[in-house]
Amino acid sequence: MRSDNTIFAIASGHGRAAVCLIRISGPESGTVLERMAGGLPAPRRAVVRILQDPAGGEPLDQALVLWMPGPGSFTGEDQVELHIHGGLATRAAVLRALGSLDRCRPAEAGEFTRRAFLNGRMDLAQVEGLADIIDAETEAQRRQAMRQLGGHLGNAAESWRETVLQVLALLEANLDFSDEGDVPEDLEADILRMIDRVQDEIGQAVADRGGERLREGLTVVLAGPPNAGKSTLLNALARRDVAIVSPIAGTTRDLIEVHCDLAGLPVVIVDTAGLRESRDLIEQEGVSRARARAQDADLVLWLVPPGDRPDEPPRARRLLRVGTKADLPGARTDCDLMVAAATGEGLPALITRLEQEAGALMGQGDALVTRERHRRALGRAHDALARARALLTEAGPLELAAEEVRLAARSIGEITGRVDVEDMLDRLFSSFCIGK
């Protein structure tokens with residue numbers, strides 16, 4: 001794809017800084033550099049030049065410049081980088097000079113990455129990996145994003161798609177050259193083997209939810225009766241006062257979330273309203289939200305305060321019973337863990353257990369599927385292959401089997417952007433920062 005316009009944008013952070021990076025991409029990049037820096041340096045060699053205003057030759061800044069002719073650049077187009085001083089006035093002057101040039105305009109959000117995708121420098125899964133690198137907050141998220149950027153999912157998807165297209169070619173060839181329309185037994189066995197292999201690999205990828213949990217963060221809900229110590233425990237885990245602690249039952253009415261990094265894994269800890277019957281309409285709503293959030297959570301810590309009263313935990317995928325206020329008389333000992341958040345007793349053991357639970361739920365960080373979009377597309381492909389297999393084994397119409405295989409190939413192609421995904425592209429690229 002050739003773009004008519006040359007775009008530019010700041011690729012470093014905004015605000016006053018020692019250095020500011022401005023990226024330029026498009027057909028006029030070389031001309032821009034010649035007019036502002038007096039000529040083109042050797043490709044991919046950083047040189048110091050005085051930048052001048054093309055309109056009147058006024059010196060703007062002493063900068064480090066790089067010239068990267070396409071297609072060997074991030075966008076696949078001719079590209080320039082200007083490493084200027086990061087003062088606000090200097091930055092404004094250089095951007096003003098760039099904007100005064102013909103066919104040179106400020107970039108839109110994500111436009112550099114969009115051009116890289118359209119020019120074949122990245123597939124769609126790699127673009128998502130790049131977005132995840134920008135958003136990564138923990139070491140495990142960074143490693144997973146790097147795998148996606150390196151083609152971890154894209155390569156697998158392309159391999160599956162190639163196999164599915166081979167199956168489609170065999171079916172269509174049989175339709176073209178067979179009068180009866182029946183698949184020869186040896187050919188049918190080969191086709192079924194290929195379908196089974198791809199279907200099995202896709203099924204394993206879809207079944208592993210660790211990648212999505214790692215990208216979005218594991219949700220841990222603190223639940224229990226009023227005054228069980230939920231807010232105190234939240235503050236202790238967050239190492240700051242994020243929730244109001246009071247001896248008055250029902251103090252917490254709404255959900256309070258804290259994002260934590262446990263051994264490099266992202267965890268969202270949610271404090272909830274105490275679960276009890278109440279005539280207070282606001283507290284009733286808080287209890288309803290608490291039960292709903294506990295039901296959707298990856299892990300619920302059911303906090304059990306001292307005393308002999310029975311407790312009824314909410315429905316949950318996974319639940320650990322945590323005895324609280326372990327430093328007080330009557331503390332419950334029939335629990336998975338014991339803590340006294342006010343004194344710190346038992347907190348190291350609880351944090352270690354949370355790290356273990358997070359690691360078990362997120363896996364080793366080598367999951368292929370990291371977004372719901374991936375899961376939906378691969379799920380459609382898996383189902384289409386299952387229908388194709390059933391048609392072949394039940395001597396159904398080959399035309400229908402071929403159509404199901406074609407649908408599978410199309411669904412797999414959505415992973416890397418091989419098929420029309422324009423609506424999704426607009427949403428994805430708009431989430432990038434301007435200089436990316």
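Numbers here are sequence positions counted from 1.
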Do side-chain atoms of [X] reach the backbone of [Y] as a donor and acceptor pair under 3.5 angstrom?
X    : Y    : value
R91  : G15  : yes
S159 : N155 : no
Q144 : G211 : yes
S29  : V80  : no
D298 : T219 : yes
R373 : I415 : yes
E201 : V198 : no

ask   = Could you walk me through whether E404 and L385 pass the side-chain contact (heavy atoms from CB on, under 4.5 Å) check?
value = CA-CA 7 Å; E404 294 293 352; L385 290 174; over 6 Å; no
So, do [X] and [Y] sit near enough that their side-chain heavy atoms are less than 4.5 Å apart?
X    : Y    : value
L149 : M122 : yes
V206 : H382 : no
V220 : L354 : yes
H83  : S12  : no
H374 : Q148 : yes

query = Can a donor-acceptor pair be found between the side chains of E128 and T370 at a distance below 3.5 Å?
reply =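 Not at all, the side chains of E128 and T370 share no donor-acceptor pair under 3.5 Å.
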ask   = So, R115 and S25: side-chain donor and acceptor under 3.5 Å apart, yes or no?
value =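 No donor-acceptor contact under 3.5 Å links the two side chains.
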Taking the basic N atoms (NZ, or NE/NH1/NH2) and the acidic carboxylate oxygens, is any pair closer than 4.0 Å for [X] and [Y]?
X    : Y    : result
R215 : D135 : no
R406 : E172 : yes
D53  : R96  : no
R114 : E111 : no

Rounded at 0.5 Å granularity, tell me how far [atom1] in [X] sits from [atom2] in [Y].
X    : Y    : atom1 : atom2 : answer
R387 : E403 : CZ    : CD    : 10.0 Å
E357 : L320 : CD    : CG    : 5.0 Å
D200 : D196 : CG    : CG    : 8.0 Å
I133 : M146 : CD1   : CE    : 5.0 Å
I24  : T6   : CD1   : OG1   : 8.5 Å

[X] atom [atom1]: more than 12 heavy-atom contacts under 6.0 Å:
X    : atom1 : value
R376 : CZ    : no
E137 : CD    : no
Q62  : CD    : no
M194 : CE    : yes
R317 : CZ    : yes

inquiry  = What verdict does the side-chain hydrogen bond (donor to acceptor under 3.5 Å, both in side chains) test give for Q204 and D208, after you've listed the backbone C-alpha separation in whole Å, the side-chain angles of each residue and the deciding distance to 0.1 Å?
reply    = CA-CA 6 Å; Q204 292 181 38; D208 185 356; over 6 Å; no
Would you be so kind as to tabulate the donor-acceptor pairs closer than 3.5 Å made by side chains of residues 63-71, with sequence neighbours excluded?
none

message = I'd like to know whether E158 forms a side-chain hydrogen bond (donor to acceptor under 3.5 Å, both in side chains) with T416, so could you lay out the CA-CA distance, the side-chain angles of the two residues, the decisive distance to 0.1 Å, and finally the verdict.
response = CA-CA 8 Å; E158 279 303 294; T416 56; 3.2 Å; yes
Residues L233, L350; criterion side-chain contact (heavy atoms from CB on, under 4.5 Å); working and verdict = CA-CA 10 Å; L233 180 58; L350 175 60; 3.8 Å; yes
task = Start with the C-alpha distance between L378 and W160, add both sets of side-chain angles, then the distance that settles side-chain contact (heavy atoms from CB on, under 4.5 Å), and finish with yes or no.
result = CA-CA 10 Å; L378 292 178; W160 294 332; 3.9 Å; yes
